[in-house]
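The structure under discussion appears below in the form of structure tokens.
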Amino acid sequence: MLTFIAETREYLWGELRNGDRPTGQQIGDHIRKMCAALPPCVKQIFGRADAGFYCGEAVEASKNSMPSS
């Protein structure tokens with residue numbers, strides 16, 4: 001799983017995987033780690049992912065970890 005900043009195409013966070021679909025826990029962990037890697041000046045972000053990443057753990061990690069204005 002890899003996360004990039006769309007506007008600048010900068011790499012933000014990622015990890016190597018074995019090719020199997022990630023579990024909800026792994027997706028949630030990725031979101032939490034990605035948010036922790038953001039500089040404190042970031043106040044709001046917009047995330048985009050395909051349907052395979054939509055699960056309860058991802059929603060909870062997003063609500064609890066992402067900065068919002």
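No hydrogens, no waters, no symmetry mates; every other heavy atom, side chains included, goes into these values.
Taking 4.5 Å as the limit, some side-chain heavy atom of Thr3 sits within range of a side-chain heavy atom of Met34. Side-chain contact between Phe53 and His30 is absent, with no heavy-atom pair separated by less than 4.5 Å. With contacts defined as side-chain heavy-atom distances shorter than 4.5 Å, the pair Glu15/Gln26 does not qualify.
Within the model, atoms CG of Asp50 and CZ of Arg48 stand 9.5 Å from one another, a figure rounded to the nearest 0.5 Å. Once rounded to the nearest 0.5 Å, the distance linking OG of Ser65 with CD1 of Ile31 reads 8.0 Å. The distance from the CD atom of Glu60 to the CD1 atom of Ile27 is 14.0 Å, given to the nearest 0.5 Å. Remark: Cys35 SG to Ile45 CD1 distance equals 4.5 Å, nearest 0.5 Å. Put simply, CE on Met1 and CG on Leu16 are 10.5 Å apart, with the number rounded to the nearest 0.5 Å.
Summarising the geometry of Gly28 relative to Ala61, their closest heavy-atom pair is O-CB, 3.6 Å, with the distance given to 0.1 Å. The heavy-atom pair separating Arg21 from Gly52 by the smallest distance is NH2-O, 2.5 Å.
Under a 4.5 Å side-chain heavy-atom cut-off, the cluster of Ile, Leu, Val, Met, Phe, Trp and Tyr residues that includes Tyr54 is completed by Val59.
Under the 4.5 Å side-chain heavy-atom criterion for grouping Ile, Leu, Val, Met, Phe, Trp and Tyr, Tyr11 is not connected to Leu38 through any hydrophobic cluster.
Side-chain polar atoms of Thr23 and Gln25 form no donor-acceptor pair below 3.5 angstrom.
For CZ of Arg9, the number of neighbouring non-hydrogen atoms (other residues, nucleotides, ligands) closer than 6.0 Å is 12 at most.
A donor-acceptor pair under 3.5 Å links the side-chain atoms of Arg17 to the main chain of Asp20, judged by distance alone.
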